[in-house]
There are 2 protein chains.
Amino acid sequence: MKNPQATLNHIETRSLRERVLDVLRDAIISGDFKPGQMLVETELANMLGVSRAPLREALQILSTEGLVEIVPYHGTTVRRLTKADIEELYSLRSVLETFAVRRVLEQGIAQHVAELRRCYEEMLAAAEAGDLKQVNHLDRDFHDTLIELSGHSLLLTSWNVVSMRVRQVMALLNRRNSNLKQIAYNHLPIIEAMEASDVETAVLLIQKHVAASGELIAEGWEDNQGQSDT
Amino acid sequence: MKNPQATLNHIETRSLRERVLDVLRDAIISGDFKPGQMLVETELANMLGVSRAPLREALQILSTEGLVEIVPYHGTTVRRLTKADIEELYSLRSVLETFAVRRVLEQGIAQHVAELRRCYEEMLAAAEAGDLKQVNHLDRDFHDTLIELSGHSLLLTSWNVVSMRVRQVMALLNRRNSNLKQIAYNHLPIIEAMEASDVETAVLLIQKHVAASGELIAEGWEDNQGQSDT
DNA sequence: ATCCGTGCAACTGTCGACAATCGACAGACG
DNA sequence: CGTCTGTCGATTGTCGACAGTTGCACGGAT
(Lines give C-alpha, C1' and ligand atoms only; values in the text may rest on other atoms or scores of the structure.)
Protein backbone atom coordinates (compact mmCIF):
# COMPACT_ATOMS: atom_id res chain seq x y z
CA MET A 1 0.00 0.00 0.00
CA LYS A 2 1.56 3.26 -1.15
CA ASN A 3 -0.26 5.57 1.15
CA PRO A 4 -2.98 6.31 -1.37
CA GLN A 5 -4.50 8.85 0.91
CA ALA A 6 -3.45 10.10 4.28
CA THR A 7 -5.23 7.41 6.23
CA LEU A 8 -8.60 5.91 5.79
CA ASN A 9 -9.70 4.01 8.80
CA HIS A 10 -10.63 0.40 8.57
CA ILE A 11 -14.28 -0.25 8.10
CA GLU A 12 -15.91 -2.38 10.68
CA THR A 13 -15.36 -5.94 9.59
CA ARG A 14 -15.67 -7.58 12.97
CA SER A 15 -18.62 -9.83 13.41
CA LEU A 16 -21.82 -8.52 14.89
CA ARG A 17 -21.31 -10.78 17.85
CA GLU A 18 -18.08 -9.06 18.75
CA ARG A 19 -19.47 -5.60 18.32
CA VAL A 20 -22.57 -6.42 20.30
CA LEU A 21 -20.36 -7.95 22.96
CA ASP A 22 -18.30 -4.80 23.26
CA VAL A 23 -21.34 -2.57 23.47
CA LEU A 24 -23.02 -4.66 26.14
CA ARG A 25 -19.87 -5.10 28.12
CA ASP A 26 -19.22 -1.40 28.09
CA ALA A 27 -22.77 -0.71 29.19
CA ILE A 28 -22.38 -3.01 32.15
CA ILE A 29 -18.89 -1.98 33.13
CA SER A 30 -19.72 1.68 32.86
CA GLY A 31 -22.76 1.21 35.04
CA ASP A 32 -25.30 2.14 32.36
CA PHE A 33 -26.85 -1.24 32.94
CA LYS A 34 -27.45 -1.54 36.65
CA PRO A 35 -26.95 -4.76 38.60
CA GLY A 36 -30.14 -6.75 38.71
CA GLN A 37 -31.45 -5.15 35.55
CA MET A 38 -33.27 -7.46 33.18
CA LEU A 39 -31.72 -7.86 29.75
CA VAL A 40 -34.53 -8.94 27.46
CA GLU A 41 -33.19 -10.43 24.28
CA THR A 42 -35.82 -9.09 21.92
CA GLU A 43 -35.52 -5.61 23.39
CA LEU A 44 -31.75 -5.52 23.07
CA ALA A 45 -31.86 -6.99 19.59
CA ASN A 46 -34.26 -4.29 18.45
CA MET A 47 -32.25 -1.54 20.12
CA LEU A 48 -29.05 -2.67 18.44
CA GLY A 49 -30.71 -3.49 15.16
CA VAL A 50 -29.50 -7.07 15.04
CA SER A 51 -31.16 -10.42 15.30
CA ARG A 52 -31.16 -12.48 18.45
CA ALA A 53 -28.58 -15.01 17.25
CA PRO A 54 -25.42 -12.90 17.58
CA LEU A 55 -26.91 -11.19 20.61
CA ARG A 56 -27.36 -14.49 22.40
CA GLU A 57 -23.82 -15.55 21.57
CA ALA A 58 -22.60 -12.34 23.13
CA LEU A 59 -24.70 -12.95 26.23
CA GLN A 60 -23.23 -16.41 26.66
CA ILE A 61 -19.78 -14.91 26.70
CA LEU A 62 -20.77 -12.23 29.19
CA SER A 63 -22.12 -15.02 31.33
CA THR A 64 -18.82 -16.88 31.45
CA GLU A 65 -17.13 -13.59 32.22
CA GLY A 66 -19.39 -13.29 35.22
CA LEU A 67 -20.98 -10.02 34.17
CA VAL A 68 -24.47 -11.36 33.63
CA GLU A 69 -26.46 -14.21 35.02
CA ILE A 70 -28.54 -16.39 32.72
CA VAL A 71 -31.43 -18.27 34.26
CA PRO A 72 -32.91 -20.74 31.78
CA TYR A 73 -36.26 -19.63 30.46
CA HIS A 74 -36.29 -16.74 32.88
CA GLY A 75 -33.93 -14.35 31.28
CA THR A 76 -30.63 -12.65 31.70
CA THR A 77 -29.84 -10.11 34.37
CA VAL A 78 -26.83 -7.99 35.13
CA ARG A 79 -25.03 -9.76 37.93
CA ARG A 80 -25.46 -8.25 41.35
CA LEU A 81 -22.42 -7.27 43.33
CA THR A 82 -22.47 -8.17 46.97
CA LYS A 83 -19.98 -7.17 49.59
CA ALA A 84 -18.63 -10.72 49.45
CA ASP A 85 -18.08 -10.32 45.71
CA ILE A 86 -16.05 -7.20 46.29
CA GLU A 87 -13.94 -8.94 48.86
CA GLU A 88 -13.31 -11.84 46.49
CA LEU A 89 -12.59 -9.49 43.65
CA TYR A 90 -9.94 -7.51 45.44
CA SER A 91 -8.34 -10.48 47.13
CA LEU A 92 -7.89 -12.29 43.85
CA ARG A 93 -6.75 -9.11 42.22
CA SER A 94 -4.07 -8.79 44.85
CA VAL A 95 -2.88 -12.31 44.16
CA LEU A 96 -2.72 -11.77 40.41
CA GLU A 97 -0.90 -8.48 40.65
CA THR A 98 1.56 -9.88 43.14
CA PHE A 99 2.29 -12.68 40.73
CA ALA A 100 2.77 -10.17 37.94
CA VAL A 101 5.24 -8.11 39.95
CA ARG A 102 7.35 -11.13 40.72
CA ARG A 103 7.29 -12.18 37.14
CA VAL A 104 8.22 -8.79 35.75
CA LEU A 105 11.15 -8.48 38.12
CA GLU A 106 12.33 -12.01 37.37
CA GLN A 107 12.75 -11.03 33.76
CA GLY A 108 14.74 -8.07 35.01
CA ILE A 109 14.30 -5.91 32.00
CA ALA A 110 14.61 -2.38 33.25
CA GLN A 111 12.83 -1.00 30.25
CA HIS A 112 9.66 -2.60 31.47
CA VAL A 113 9.55 -0.69 34.70
CA ALA A 114 10.20 2.47 32.72
CA GLU A 115 6.85 1.99 31.06
CA LEU A 116 5.18 1.93 34.43
CA ARG A 117 6.91 5.15 35.35
CA ARG A 118 5.62 6.72 32.17
CA CYS A 119 2.11 5.76 33.26
CA TYR A 120 2.75 7.36 36.59
CA GLU A 121 4.02 10.60 35.08
CA GLU A 122 0.93 10.92 32.94
CA MET A 123 -1.29 10.15 35.87
CA LEU A 124 0.38 12.83 37.91
CA ALA A 125 -0.08 15.33 35.12
CA ALA A 126 -3.75 14.48 34.81
CA ALA A 127 -4.16 14.74 38.56
CA GLU A 128 -2.65 18.20 38.56
CA ALA A 129 -5.02 19.16 35.79
CA GLY A 130 -7.87 17.89 37.94
CA ASP A 131 -9.02 15.50 35.23
CA LEU A 132 -10.76 12.77 37.23
CA LYS A 133 -11.72 10.70 34.25
CA GLN A 134 -8.21 10.69 32.89
CA VAL A 135 -6.76 9.79 36.27
CA ASN A 136 -9.07 6.82 36.50
CA HIS A 137 -8.15 5.78 33.02
CA LEU A 138 -4.45 5.96 33.73
CA ASP A 139 -4.92 4.17 37.01
CA ARG A 140 -6.42 1.28 35.07
CA ASP A 141 -3.68 1.60 32.52
CA PHE A 142 -1.02 1.29 35.19
CA HIS A 143 -2.35 -1.97 36.51
CA ASP A 144 -3.13 -3.36 33.07
CA THR A 145 0.39 -2.54 31.98
CA LEU A 146 1.85 -4.27 35.00
CA ILE A 147 0.01 -7.45 34.04
CA GLU A 148 0.93 -7.19 30.40
CA LEU A 149 4.59 -6.72 31.21
CA SER A 150 4.58 -10.08 32.92
CA GLY A 151 4.30 -11.59 29.46
CA HIS A 152 1.91 -14.21 30.79
CA SER A 153 -1.02 -14.52 28.43
CA LEU A 154 -3.04 -16.81 30.67
CA LEU A 155 -2.61 -14.40 33.55
CA LEU A 156 -3.77 -11.62 31.26
CA THR A 157 -7.03 -13.33 30.42
CA SER A 158 -7.71 -14.07 34.07
CA TRP A 159 -6.87 -10.49 34.87
CA ASN A 160 -9.26 -9.14 32.30
CA VAL A 161 -12.19 -10.78 34.02
CA VAL A 162 -11.19 -9.34 37.36
CA SER A 163 -10.35 -5.97 35.91
CA MET A 164 -13.69 -5.56 34.18
CA ARG A 165 -15.59 -6.15 37.34
CA VAL A 166 -13.38 -3.79 39.27
CA ARG A 167 -14.21 -1.15 36.71
CA GLN A 168 -17.87 -1.90 37.20
CA VAL A 169 -17.54 -1.44 40.92
CA MET A 170 -15.78 1.86 40.44
CA ALA A 171 -18.42 3.08 38.04
CA LEU A 172 -21.26 2.26 40.41
CA LEU A 173 -19.49 4.09 43.14
CA ASN A 174 -18.64 7.18 41.12
CA ARG A 175 -15.51 7.60 43.14
CA ARG A 176 -15.84 10.85 44.99
CA ASN A 177 -13.01 12.77 43.49
CA SER A 178 -10.92 12.69 46.59
CA ASN A 179 -7.40 13.95 46.40
CA LEU A 180 -6.44 13.10 42.84
CA LYS A 181 -2.77 13.69 43.39
CA GLN A 182 -2.86 11.26 46.28
CA ILE A 183 -4.11 8.56 43.95
CA ALA A 184 -1.15 9.14 41.70
CA TYR A 185 1.35 9.35 44.54
CA ASN A 186 0.20 5.99 45.84
CA HIS A 187 1.77 4.33 42.84
CA LEU A 188 5.19 5.87 43.24
CA PRO A 189 6.63 3.65 45.97
CA ILE A 190 5.69 0.57 44.00
CA ILE A 191 7.57 1.80 40.98
CA GLU A 192 10.56 2.77 43.04
CA ALA A 193 10.75 -0.63 44.68
CA MET A 194 10.53 -2.25 41.29
CA GLU A 195 13.21 -0.01 39.87
CA ALA A 196 15.39 -1.07 42.77
CA SER A 197 14.51 -4.69 41.99
CA ASP A 198 13.40 -5.04 45.56
CA VAL A 199 10.88 -7.79 44.96
CA GLU A 200 9.61 -8.31 48.47
CA THR A 201 9.04 -4.63 49.11
CA ALA A 202 7.29 -4.21 45.78
CA VAL A 203 5.05 -7.17 46.51
CA LEU A 204 4.21 -5.88 49.96
CA LEU A 205 3.43 -2.43 48.62
CA ILE A 206 1.15 -3.63 45.87
CA GLN A 207 -0.71 -5.87 48.25
CA LYS A 208 -1.20 -2.96 50.59
CA HIS A 209 -2.22 -0.76 47.69
CA VAL A 210 -4.88 -3.16 46.47
CA ALA A 211 -6.09 -4.10 49.93
CA ALA A 212 -6.46 -0.45 50.84
CA SER A 213 -8.69 0.42 47.92
CA GLY A 214 -10.57 -2.83 48.35
CA GLU A 215 -11.35 -2.17 51.98
CA LEU A 216 -12.25 1.42 51.27
CA ILE A 217 -14.83 0.28 48.77
CA ALA A 218 -16.14 -2.74 50.64
CA GLU A 219 -16.55 -0.64 53.77
CA GLY A 220 -19.27 1.58 52.42
CA TRP A 221 -20.82 -0.98 50.13
CA GLU A 222 -24.49 -1.70 50.38
CA ASP A 223 -25.36 -5.04 48.89
CA ASN A 224 -27.97 -3.42 46.72
CA GLN A 225 -25.70 -0.63 45.55
CA GLY A 226 -26.58 0.89 42.21
CA GLN A 227 -29.14 -1.81 41.79
CA SER A 228 -31.97 -1.71 39.38
CA ASP A 229 -35.39 -1.52 40.94
CA THR A 230 -37.08 -3.45 38.16
CA MET B 1 -45.14 -34.25 48.32
CA LYS B 2 -45.76 -37.28 50.48
CA ASN B 3 -43.08 -39.54 49.16
CA PRO B 4 -45.34 -41.06 46.52
CA GLN B 5 -42.63 -43.45 45.52
CA ALA B 6 -39.11 -43.95 46.78
CA THR B 7 -37.36 -41.42 44.53
CA LEU B 8 -37.43 -40.78 40.85
CA ASN B 9 -34.55 -38.82 39.51
CA HIS B 10 -34.95 -35.61 37.59
CA ILE B 11 -35.17 -35.88 33.87
CA GLU B 12 -32.73 -33.97 31.73
CA THR B 13 -34.07 -30.47 31.34
CA ARG B 14 -30.84 -28.66 30.75
CA SER B 15 -30.71 -26.75 27.50
CA LEU B 16 -29.09 -28.25 24.45
CA ARG B 17 -26.41 -25.63 24.65
CA GLU B 18 -25.32 -26.85 28.06
CA ARG B 19 -25.37 -30.46 27.09
CA VAL B 20 -23.50 -29.80 23.88
CA LEU B 21 -21.01 -27.74 25.85
CA ASP B 22 -20.34 -30.58 28.24
CA VAL B 23 -19.90 -33.11 25.46
CA LEU B 24 -17.50 -30.94 23.51
CA ARG B 25 -15.54 -29.92 26.57
CA ASP B 26 -15.14 -33.52 27.60
CA ALA B 27 -14.01 -34.47 24.13
CA ILE B 28 -11.32 -31.81 24.22
CA ILE B 29 -10.22 -32.35 27.79
CA SER B 30 -10.06 -36.10 27.36
CA GLY B 31 -7.99 -35.73 24.24
CA ASP B 32 -10.55 -37.22 21.87
CA PHE B 33 -10.36 -33.98 19.96
CA LYS B 34 -6.72 -33.33 19.26
CA PRO B 35 -5.12 -29.88 19.38
CA GLY B 36 -5.26 -28.25 15.98
CA GLN B 37 -8.23 -30.32 14.92
CA MET B 38 -10.85 -28.52 12.90
CA LEU B 39 -14.31 -28.31 14.45
CA VAL B 40 -16.73 -27.82 11.58
CA GLU B 41 -20.05 -26.55 12.82
CA THR B 42 -22.25 -28.41 10.37
CA GLU B 43 -20.41 -31.66 11.02
CA LEU B 44 -20.69 -31.39 14.78
CA ALA B 45 -24.32 -30.33 14.58
CA ASN B 46 -25.16 -33.38 12.52
CA MET B 47 -23.19 -35.69 14.78
CA LEU B 48 -24.94 -34.40 17.87
CA GLY B 49 -28.30 -34.13 16.20
CA VAL B 50 -28.82 -30.47 17.01
CA SER B 51 -28.95 -27.32 14.98
CA ARG B 52 -26.07 -24.94 14.70
CA ALA B 53 -27.51 -22.28 17.00
CA PRO B 54 -26.94 -23.99 20.35
CA LEU B 55 -23.75 -25.50 19.02
CA ARG B 56 -22.34 -22.10 18.19
CA GLU B 57 -23.26 -20.76 21.60
CA ALA B 58 -21.35 -23.63 23.15
CA LEU B 59 -18.34 -22.92 20.95
CA GLN B 60 -18.31 -19.28 22.02
CA ILE B 61 -18.08 -20.39 25.61
CA LEU B 62 -15.31 -22.86 24.87
CA SER B 63 -13.49 -20.02 23.20
CA THR B 64 -13.56 -17.81 26.28
CA GLU B 65 -12.43 -20.79 28.28
CA GLY B 66 -9.42 -21.01 26.03
CA LEU B 67 -10.11 -24.52 24.82
CA VAL B 68 -10.80 -23.64 21.22
CA GLU B 69 -9.76 -20.87 18.90
CA ILE B 70 -12.29 -19.19 16.66
CA VAL B 71 -10.99 -17.45 13.57
CA PRO B 72 -13.72 -15.47 11.81
CA TYR B 73 -14.86 -17.13 8.60
CA HIS B 74 -12.12 -19.70 8.93
CA GLY B 75 -13.53 -21.95 11.54
CA THR B 76 -12.89 -23.24 15.00
CA THR B 77 -9.95 -25.37 16.00
CA VAL B 78 -8.94 -27.05 19.22
CA ARG B 79 -6.36 -24.80 20.78
CA ARG B 80 -2.79 -25.95 20.44
CA LEU B 81 -0.69 -26.38 23.55
CA THR B 82 2.83 -25.10 23.35
CA LYS B 83 5.56 -25.53 25.91
CA ALA B 84 5.02 -21.90 26.86
CA ASP B 85 1.35 -22.63 27.50
CA ILE B 86 2.27 -25.43 29.84
CA GLU B 87 4.63 -23.19 31.73
CA GLU B 88 1.97 -20.52 32.07
CA LEU B 89 -0.59 -23.08 33.08
CA TYR B 90 1.41 -24.54 35.90
CA SER B 91 2.77 -21.25 37.14
CA LEU B 92 -0.69 -19.76 37.45
CA ARG B 93 -1.95 -22.96 38.94
CA SER B 94 0.69 -22.69 41.60
CA VAL B 95 -0.38 -19.15 42.41
CA LEU B 96 -4.04 -20.08 42.68
CA GLU B 97 -3.46 -23.11 44.85
CA THR B 98 -1.12 -21.18 47.10
CA PHE B 99 -3.82 -18.60 47.56
CA ALA B 100 -6.32 -21.32 48.35
CA VAL B 101 -4.10 -22.87 50.99
CA ARG B 102 -3.66 -19.56 52.76
CA ARG B 103 -7.33 -18.92 52.63
CA VAL B 104 -8.33 -22.31 53.95
CA LEU B 105 -5.94 -22.04 56.85
CA GLU B 106 -7.07 -18.51 57.64
CA GLN B 107 -10.55 -19.82 58.22
CA GLY B 108 -8.98 -22.37 60.51
CA ILE B 109 -11.76 -24.90 60.34
CA ALA B 110 -10.12 -28.21 61.03
CA GLN B 111 -12.96 -30.08 59.44
CA HIS B 112 -11.88 -28.73 56.09
CA VAL B 113 -8.48 -30.29 56.17
CA ALA B 114 -10.11 -33.53 57.18
CA GLU B 115 -11.81 -33.62 53.83
CA LEU B 116 -8.46 -33.39 52.12
CA ARG B 117 -7.19 -36.26 54.18
CA ARG B 118 -10.18 -38.30 53.12
CA CYS B 119 -9.21 -37.62 49.50
CA TYR B 120 -5.72 -38.78 50.29
CA GLU B 121 -6.86 -42.01 51.94
CA GLU B 122 -8.95 -42.90 48.95
CA MET B 123 -6.13 -42.05 46.60
CA LEU B 124 -3.80 -44.31 48.51
CA ALA B 125 -6.30 -47.13 48.39
CA ALA B 126 -6.71 -46.72 44.65
CA ALA B 127 -2.95 -46.61 44.22
CA GLU B 128 -2.55 -49.88 46.10
CA ALA B 129 -5.20 -51.39 43.89
CA GLY B 130 -3.21 -50.23 40.88
CA ASP B 131 -6.17 -48.28 39.51
CA LEU B 132 -4.47 -45.56 37.46
CA LYS B 133 -7.68 -43.96 36.32
CA GLN B 134 -9.04 -43.70 39.81
CA VAL B 135 -5.78 -42.27 41.12
CA ASN B 136 -5.86 -39.59 38.49
CA HIS B 137 -9.44 -38.83 39.33
CA LEU B 138 -8.72 -38.51 43.03
CA ASP B 139 -5.65 -36.44 42.32
CA ARG B 140 -7.91 -33.96 40.51
CA ASP B 141 -10.41 -34.26 43.31
CA PHE B 142 -7.80 -33.37 45.88
CA HIS B 143 -6.84 -30.15 44.18
CA ASP B 144 -10.41 -29.24 43.30
CA THR B 145 -11.40 -29.78 46.90
CA LEU B 146 -8.59 -27.57 48.10
CA ILE B 147 -9.89 -24.75 45.95
CA GLU B 148 -13.49 -25.30 46.94
CA LEU B 149 -12.63 -25.28 50.61
CA SER B 150 -11.30 -21.77 50.22
CA GLY B 151 -14.91 -20.70 49.81
CA HIS B 152 -13.87 -18.22 47.13
CA SER B 153 -16.25 -18.49 44.21
CA LEU B 154 -14.28 -16.21 41.92
CA LEU B 155 -11.16 -18.23 42.59
CA LEU B 156 -13.12 -21.34 41.77
CA THR B 157 -14.14 -20.12 38.34
CA SER B 158 -10.59 -19.05 37.54
CA TRP B 159 -9.40 -22.40 38.76
CA ASN B 160 -11.81 -24.31 36.58
CA VAL B 161 -10.29 -22.82 33.45
CA VAL B 162 -6.82 -23.76 34.57
CA SER B 163 -7.88 -27.15 35.80
CA MET B 164 -9.56 -28.11 32.57
CA ARG B 165 -6.49 -27.40 30.55
CA VAL B 166 -4.30 -29.28 32.98
CA ARG B 167 -6.55 -32.27 32.48
CA GLN B 168 -6.17 -31.87 28.74
CA VAL B 169 -2.41 -31.89 29.07
CA MET B 170 -2.51 -35.01 31.20
CA ALA B 171 -4.77 -36.77 28.72
CA LEU B 172 -2.52 -35.98 25.79
CA LEU B 173 0.41 -37.32 27.71
CA ASN B 174 -1.23 -40.52 28.92
CA ARG B 175 0.83 -40.35 32.07
CA ARG B 176 3.01 -43.39 32.11
CA ASN B 177 1.75 -45.19 35.13
CA SER B 178 4.80 -44.50 37.18
CA ASN B 179 4.74 -45.36 40.83
CA LEU B 180 1.13 -44.79 41.73
CA LYS B 181 1.74 -44.90 45.43
CA GLN B 182 4.35 -42.21 45.04
CA ILE B 183 1.73 -39.93 43.51
CA ALA B 184 -0.44 -40.41 46.56
CA TYR B 185 2.41 -40.04 49.02
CA ASN B 186 3.32 -36.70 47.49
CA HIS B 187 0.16 -35.19 48.91
CA LEU B 188 0.72 -36.31 52.46
CA PRO B 189 3.22 -33.66 53.61
CA ILE B 190 0.89 -30.94 52.35
CA ILE B 191 -1.97 -32.27 54.40
CA GLU B 192 0.19 -32.66 57.47
CA ALA B 193 1.44 -29.11 57.23
CA MET B 194 -2.11 -27.91 56.89
CA GLU B 195 -3.25 -29.97 59.82
CA ALA B 196 -0.50 -28.36 61.83
CA SER B 197 -1.66 -24.97 60.57
CA ASP B 198 1.86 -24.37 59.36
CA VAL B 199 0.93 -22.00 56.56
CA GLU B 200 4.37 -21.25 55.20
CA THR B 201 5.42 -24.87 55.03
CA ALA B 202 2.15 -25.85 53.39
CA VAL B 203 2.55 -23.11 50.82
CA LEU B 204 6.12 -24.08 50.08
CA LEU B 205 5.16 -27.72 49.71
CA ILE B 206 2.30 -27.09 47.35
CA GLN B 207 4.42 -24.81 45.23
CA LYS B 208 7.06 -27.49 45.02
CA HIS B 209 4.43 -30.09 44.29
CA VAL B 210 2.93 -28.16 41.41
CA ALA B 211 6.26 -26.97 40.06
CA ALA B 212 7.58 -30.53 40.06
CA SER B 213 4.77 -31.96 38.00
CA GLY B 214 4.82 -28.91 35.75
CA GLU B 215 8.50 -29.25 34.99
CA LEU B 216 8.20 -32.96 34.50
CA ILE B 217 5.59 -32.41 31.85
CA ALA B 218 7.10 -29.35 30.19
CA GLU B 219 10.43 -31.12 29.98
CA GLY B 220 9.33 -33.77 27.54
CA TRP B 221 6.77 -31.67 25.73
CA GLU B 222 6.94 -31.35 22.00
CA ASP B 223 5.10 -28.30 20.80
CA ASN B 224 3.08 -30.41 18.41
CA GLN B 225 2.26 -33.05 20.99
CA GLY B 226 -0.88 -35.04 20.31
CA GLN B 227 -1.67 -32.69 17.52
CA SER B 228 -4.07 -33.37 14.73
CA ASP B 229 -2.48 -33.70 11.33
CA THR B 230 -5.43 -32.24 9.47
C1' DA C 1 6.00 -22.60 -17.01
C1' DT C 2 4.20 -18.75 -14.41
C1' DC C 3 1.04 -15.40 -13.19
C1' DC C 4 -3.37 -13.47 -12.63
C1' DG C 5 -8.39 -13.31 -12.68
C1' DT C 6 -12.69 -15.98 -12.19
C1' DG C 7 -15.95 -19.15 -10.72
C1' DC C 8 -16.93 -22.64 -7.34
C1' DA C 9 -17.45 -25.11 -3.13
C1' DA C 10 -17.25 -25.15 1.70
C1' DC C 11 -17.64 -22.86 5.36
C1' DT C 12 -19.23 -19.36 8.85
C1' DG C 13 -22.38 -15.33 9.98
C1' DT C 14 -27.08 -13.69 10.34
C1' DC C 15 -31.89 -13.73 10.22
C1' DG C 16 -36.93 -14.59 10.93
C1' DA C 17 -40.13 -18.02 12.41
C1' DC C 18 -41.64 -21.56 15.38
C1' DA C 19 -41.50 -24.55 19.66
C1' DA C 20 -40.87 -25.10 24.55
C1' DT C 21 -40.94 -23.44 29.11
C1' DC C 22 -42.19 -20.85 33.13
C1' DG C 23 -44.95 -17.74 36.51
C1' DA C 24 -49.14 -15.73 37.31
C1' DC C 25 -53.75 -15.68 37.37
C1' DA C 26 -58.36 -17.19 37.12
C1' DG C 27 -61.69 -20.62 37.82
C1' DA C 28 -63.43 -25.27 39.30
C1' DC C 29 -63.93 -28.36 43.00
C1' DG C 30 -63.79 -30.26 47.53
C1' DC D 1 -62.05 -20.91 52.10
C1' DG D 2 -58.14 -23.37 50.48
C1' DT D 3 -56.22 -26.27 46.98
C1' DC D 4 -55.62 -27.89 42.72
C1' DT D 5 -55.80 -27.27 37.66
C1' DG D 6 -56.04 -25.21 33.21
C1' DT D 7 -54.96 -21.28 30.44
C1' DC D 8 -52.43 -17.21 28.98
C1' DG D 9 -48.76 -14.02 28.02
C1' DA D 10 -44.06 -13.21 28.00
C1' DT D 11 -39.56 -14.77 27.22
C1' DT D 12 -36.14 -17.96 26.07
C1' DG D 13 -34.61 -22.12 23.26
C1' DT D 14 -34.14 -24.18 18.75
C1' DC D 15 -34.40 -24.65 13.95
C1' DG D 16 -33.92 -24.26 8.83
C1' DA D 17 -32.83 -21.09 5.30
C1' DC D 18 -30.24 -17.53 3.31
C1' DA D 19 -26.33 -14.18 2.87
C1' DG D 20 -21.40 -13.23 3.09
C1' DT D 21 -16.66 -14.53 3.09
C1' DT D 22 -12.68 -17.20 2.10
C1' DG D 23 -9.47 -20.29 -0.13
C1' DC D 24 -8.70 -23.05 -4.09
C1' DA D 25 -8.97 -25.19 -8.47
C1' DC D 26 -9.28 -24.12 -13.06
C1' DG D 27 -8.29 -21.91 -17.24
C1' DG D 28 -6.44 -18.36 -20.19
C1' DA D 29 -2.94 -14.87 -21.26
C1' DT D 30 1.83 -13.77 -21.29
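Only a predicted model underlies this, so the values are computations on that prediction, with no experimental measurement involved. A, B, ... follow the sequence lines: proteins, then strands. Residue 1 opens every chain.
- If you look at A:F142 and A:H187, their ring centroids are closer than 6.0 Å.
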What one-letter contact string describes nucleotides 8-17 of chain D from 5' to 3', where B marks a base within less than 4.0 Å of any protein heavy atom, S marks contact via sugar-phosphate atoms alone, and - marks no contact?
-> ----BBBB-B
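- Atom CG of B:L149 sits about 8.0 Å away from atom CD of B:Q107, to the nearest 0.5 Å.
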Let me see the working for A:E65 and B:T64 under side chain to side chain donor-acceptor pair (under 3.5 Å), right down to the final yes or no.
-> CA-CA 8 Å; A:E65 290 177 351; B:T64 69; over 6 Å; no
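- Within the structure, no pair that satisfies the side chain to side chain donor-acceptor pair (under 3.5 Å) test touches residues 210-223 of chain B, not counting sequence neighbours.
- Between A:R17 and A:E57, at least one side-chain N (NZ, or NE/NH1/NH2) sits under 4.0 Å from a carboxylate O, which counts as a salt bridge.
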